[in-house]
**Q** 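What follows is a single structure, and I will ask about it in a moment.
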Amino acid sequence: ARGVGGETGVAVTGAMRRACARTFFLGTTGDGPGTGLPGSVSRSRPIMRILELGKFYLPHHGGIETLLRSWCEGFVRQGAQVDCVVANDAARTCHEVIHGVRLHRHASWGRVASTSICPAYIGSTRRYPADLWHAHFPNPLADLACLAGPRSTPLVLSYHSDVIRQARWLACYRPLLRRLLERASRIVVATPRHLEFSPWLGAYRAKCEVIPFGIDLTRYSGTEATQ
């Protein structure tokens with residue numbers, strides 16, 4: 001990624017923005033128009049090193065987990081090297097490769113306010129070198145990891161929702177949230193309504209982009225029997 005000065009901080013390169021938008025729209029599908037990037041790429045060197053910062057990964061099921069997998073596998077198909085950091089559901093750290101994604105499940109000792117107690121997660125932005133970070137909000141562990149890492153690395157923040165269920169913690173969380181939004185190079189939301197109704201994003205509208213969630217259509221392809 002190339003650093004560009006300006007009010008919004010370090011910007012994402014044009015190539016990365018096209019690849020990012022394409023994968024966000026199309027999930028793990030193949031070629032799409034106007035990107036100049038093939039759907040499945042074989043390279044001796046990755047076009048970019050991306051660090052994904054999520055909460056959990058398969059076999060955990062959920063909306064964000066499904067999106068995280070689509071983005072991880074989609075970026076791999078674009079030719080990127082993807083490291084994905086999540087919390088494990090046990091007090092042990094595991095490393096594995098799933099469909100080309102280098103997955104790191106860090107040891108966790110329970111949860112507080114839906115947040116895993118996972119100290120090793122916070123150092124992941126220094127442990128796994130990357131050209132760009134992609135974090136998913138809300139996730140205090142990812143917030144801390146981004147703020148603890150090198151400031152020269154661009155941060156794309158997928159803003160999935162305001163803090164709702166843990167609103168009573170906002171008095172403590174508010175300073176961290178503001179620092180994260182200031183740190184982000186780009187903030188991605190799924191609909192214009194996120195920008196319209198969020199009490200936090202208005203001040204950062206200049207670096208927000210609306211990119212709808214993608215769907216991996218291959219998951220709904222019929223078999224020979226059903227066809």
Side-chain angles (χ1 to χ4, degrees), residues 49-76 81-130 132-151 153 155-184 187-190 194 198-201 213 216:
R49 299 171 302 171
I50 301 174
L51 177 62
E52 289 280 347
L53 298 165
K55 281 190 173 183
F56 302 104
Y57 206 83
L58 290 176
H60 288 271
H61 293 285
I64 294 180
E65 286 75 22
T66 299
L67 290 167
L68 178 61
R69 178 186 178 186
S70 291
W71 286 324
C72 286
E73 294 183 3
F75 286 134
V76 167
Q81 172 185 298
V82 178
D83 285 276
C84 180
V85 174
V86 295
N88 202 354
D89 52 8
R92 64 179 183 274
T93 295
C94 303
H95 305 279
E96 55 189 317
V97 178
I98 301 178
H99 297 145
V101 179
R102 308 196 315 185
L103 183 62
H104 313 281
R105 304 181 197 265
H106 285 291
S108 175
W109 286 267
R111 301 181 201 176
V112 174
S114 299
T115 301
S116 297
I117 303 173
C118 186
Y121 190 119
I122 299 172
S124 59
T125 47
R126 294 190 178 274
R127 187 176 300 112
Y128 307 111
L132 181 137
W133 303 331
H134 181 203
H136 301 268
F137 181 89
N139 181 5
L141 282 174
D143 303 347
L144 290 170
C146 291
L147 295 175
R151 290 195 56 82
T153 304
L155 165 62
V156 175
L157 179 68
S158 280
Y159 194 97
H160 296 284
S161 170
D162 293 322
V163 177
I164 304 298
R165 288 187 298 172
Q166 291 79 29
R168 65 182 182 276
W169 294 91
L170 269 179
C172 301
Y173 189 44
R174 188 177 291 111
L176 180 64
L177 173 54
R178 285 176 175 160
R179 287 187 60 193
L180 178 73
L181 294 175
E182 291 170 0
R183 170 66 178 83
I187 302 170
V188 176
V189 295
H194 285 74
S198 172
W200 300 101
L201 296 180
F213 293 144
D216 182 1

**Q** Work out which heavy atom in V76 is nearest to a heavy atom in H99; give both atom names and the distance.
**A**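 Looking at all heavy atoms of both residues, the closest pair is CG1-O, 4.1 Å.
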
**Q** Below 4.5 Å, heavy atoms only, C-beta onward: do L132 and L155 meet side chain to side chain?
**A** no

**Q** Starting from the C-alpha separation in whole Å, work towards a yes-or-no answer on side chain to side chain contact (heavy atoms under 4.5 Å, CB included) for Y57 and E96.
**A** CA-CA 12 Å; Y57 206 83; E96 55 189 317; over 6 Å; no

**Q** Hey, can you tell me if H106 and H95 have their rings parallel, tilted or perpendicular (30° and 60° cut-offs)?
**A** perpendicular

**Q** Just do the salt bridge (Lys or Arg N to Asp or Glu O under 4.0 Å) check on R69 and E73 with the steps written out, would you?
**A** CA-CA 6 Å; R69 178 186 178 186; E73 294 183 3; 2.9 Å; yes

**Q** Is any side-chain heavy atom of W109 closer than 4.5 Å to a side-chain heavy atom of S116?
**A**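 A side-chain contact is absent here, since even the closest heavy-atom pair is not under 4.5 Å.
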
**Q** Do V85 and R127 come within less than 4.5 Å of each other through their side chains, counting heavy atoms only?
**A**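 Side-chain contact under 4.5 Å: no.
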
**Q** In Å, rounded to the nearest 0.5 Å, how long is the span from CD1 of I50 to CH2 of W71?
**A** 12.0 Å

**Q** Are side-chain N/O atoms of S108 and N88 paired as donor and acceptor at under 3.5 Å?
**A** no

**Q** Does any non-hydrogen side-chain atom of H104 lie less than 4.5 Å from one of Y121?
**A**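 Sidechains of H104 and Y121: no contact.
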
**Q** Rounded to the nearest 0.5 Å, how far apart are CZ of R105 and SG of C84?
**A**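 One finds 8.5 Å between CZ of R105 and SG of C84.
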
**Q** Please round to the nearest 0.5 Å and tell me the distance separating atom CZ of F56 and atom CG of N139.
**A**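 If we round to the nearest 0.5 Å, F56:CZ and N139:CG are 8.5 Å apart.
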
**Q** Do the side chains of L201 and I187 get nearer than 4.5 Å, heavy atoms only?
**A** yes

**Q** Verify side-chain hydrogen bond (donor to acceptor under 3.5 Å, both in side chains) between H60 and E65, making sure each step is shown before the conclusion.
**A** CA-CA 7 Å; H60 288 271; E65 286 75 22; over 6 Å; no

**Q** Flag the pair Q81 / Y128 as yes when at least one side-chain heavy-atom distance between them is below 4.5 Å, and no otherwise.
**A** no

**Q** Taking atom CZ of F137 and atom CG of L53, what is their separation to the nearest 0.5 Å?
**A** 14.0 Å

**Q** Which is it for R179 and R183 under the side chain to side chain contact (heavy atoms under 4.5 Å, CB included) test, yes or no, and what are the steps along the way?
**A** CA-CA 6 Å; R179 287 187 60 193; R183 170 66 178 83; over 6 Å; no

**Q** Please report the C-alpha distance between I98 and L58 in whole Å, then the side-chain angles of each, then the deciding distance to 0.1 Å, and finally whether the side chain to side chain contact (heavy atoms under 4.5 Å, CB included) criterion is met.
**A** CA-CA 10 Å; I98 301 178; L58 290 176; 5.9 Å; no

**Q** Just to verify, what does T66 make a side-chain hydrogen bond (donor to acceptor under 3.5 Å, both in side chains) with, not counting sequence neighbours?
**A** none

**Q** Is there a side chain to side chain contact (heavy atoms under 4.5 Å, CB included) between H160 and L67 once you walk through the steps?
**A** CA-CA 11 Å; H160 296 284; L67 290 167; 4.1 Å; yes

**Q** Taking all heavy atoms of L180 and all of C146, pick out the closest pair and write down the distance.
**A**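 Closest approach of L180 to C146: CD1-CB, 4.2 Å.
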
**Q** What closest approach, in Å, do S198 and D162 show between heavy atoms, and which atom pair accounts for it?
**A**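 Heavy atoms of S198 and D162 come nearest at OG-OD1, 2.8 Å.
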
**Q** Flag the pair L157 / W133 as yes when at least one side-chain heavy-atom distance between them is below 4.5 Å, and no otherwise.
**A**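 A side-chain contact is absent here, since even the closest heavy-atom pair is not under 4.5 Å.
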
**Q** Are H194 and W200 an aromatic pair by the rule of ring centers under 6.0 Å?
**A**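 No.
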
**Q** Tell me the closest heavy-atom pair linking C118 and A107, and the distance in Å.
**A** SG-O, 3.2 Å

**Q** Less than 4.5 Å apart, side chain to side chain, heavy atoms only: is that true for S158 and H134?
**A** yes

**Q** Hey, could you give me the CG/SG distance between L103 and C94, rounded to the nearest 0.5 Å?
**A** 9.0 Å

**Q** Within this structure, what is the OG1-CG distance for the pair T153 and L51, rounded to the nearest 0.5 Å?
**A** 9.0 Å

**Q** Where do A148 and R126 come nearest, in terms of heavy atoms and distance?
**A**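 Closest approach of A148 to R126, heavy atoms only: O-NE, 2.9 Å.
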
